[in-house]
Amino acid sequence: EMEREMLNNEMSQSANAHALILSRKSWITYIFGITIAVFTMVTMGIIDKNPPMGSIIFDPLALIATFVFVKHLRSFILYMDEDGVWLLSGMFPWSRAVNGTKWRDIEAAYFNRGFFHWATSSYPVFIVNRFTRRTEISLTNMAHGNLAVQMINEKLQSMARTSHLQ
């Protein structure tokens, strides 16, 4: 709950102040990047004939690549507001963007189930356009993505009951 409050504070600084954070990338996604960095540092240390020189060059590069990878992952924020469901992404100011779809255009949201997803609380999330039947938002490894989908579908049902989706 405290993490969600911190995310909402971050959203109020960077996007719509009335937005509700639904999900971010899961911890399992970060493990992949850190594993690659450690593997790279170990491999370069084994392959390099002159280990001190290899460590001086490749270890900082691996750490920088890991930092960039983690910052990139942290930039993915799935949120909803009174207008629709949106994905804020982009690590650098020139690459930051908001993509999404309005409530009136959403058919449904769904996530894939499975033991791995359940065990890690990391779900792929999909939002489908009701006119094109095309997936508007497709995300992998979203923390508690199942709950995000539940909240989106509850909002859609609520709006349909009160006839706000015309």
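Heavy-atom basis, side chains included; hydrogens, waters and symmetry copies ignored. Since the structure is predicted, the reported quantities are computational estimates derived from the model, not experimental observations.
Minimum interatomic distance between Trp86 and Val98 (heavy atoms only, all atoms of both residues): CB-CG1, 3.8 Å. Between Leu156 and Ala108, the closest heavy-atom pair is CD1-CA, 4.1 Å. Tyr30 approaches Lys25 most closely through the heavy-atom pair CE1-O, 3.8 Å. When all heavy atoms of His72 and Met91 are compared, the closest pair comes out as N-SD, 3.6 Å. Contact record, Ile137 with Leu87: CD1-N, 4.5 Å, taken as the closest heavy-atom pair. Contact between Tyr79 and Ala19 at its shortest, heavy atoms only, is CD1-CB, 3.2 Å.
Shown here are the ring-ring contact (aromatic ring centres under 6.0 Å, His included) partners of Phe69, two or more places apart in sequence or in another chain: there are none. Residues passing the side-chain hydrogen bond (donor to acceptor under 3.5 Å, both in side chains) test with Asn153: none are found, sequence neighbours excluded. In terms of the side-chain contact (heavy atoms from CB on, under 4.5 Å) criterion, residue partners of Phe126 (sequence neighbours excluded) are, by chain and number, Tyr110, Asn112, Pro124, Thr135, Ser138. Checked against side-chain contact (heavy atoms from CB on, under 4.5 Å), Ile31 has the following partners two or more places apart in sequence or in another chain: Trp27, Thr35. By the ring-ring contact (aromatic ring centres under 6.0 Å, His included) test, Phe131 is found to be paired with no residue, residues two or more places apart in sequence or in another chain being considered. For Thr132, the side-chain contact (heavy atoms from CB on, under 4.5 Å) partners are Asn129, Arg134, Glu136, not counting sequence neighbours.
Atom-to-atom distance recorded for His144:NE2 and Leu78:CG is 13.5 Å, nearest 0.5 angstrom.
Note: Trp118 and Phe115 have tilted aromatic rings, judged against thresholds of 30 and 60 degrees for the angle between ring planes.
Side-chain contact check for Ser26 and Asn141: no donor-acceptor pair (N or O, by modelled atom type) lies under 3.5 Å.
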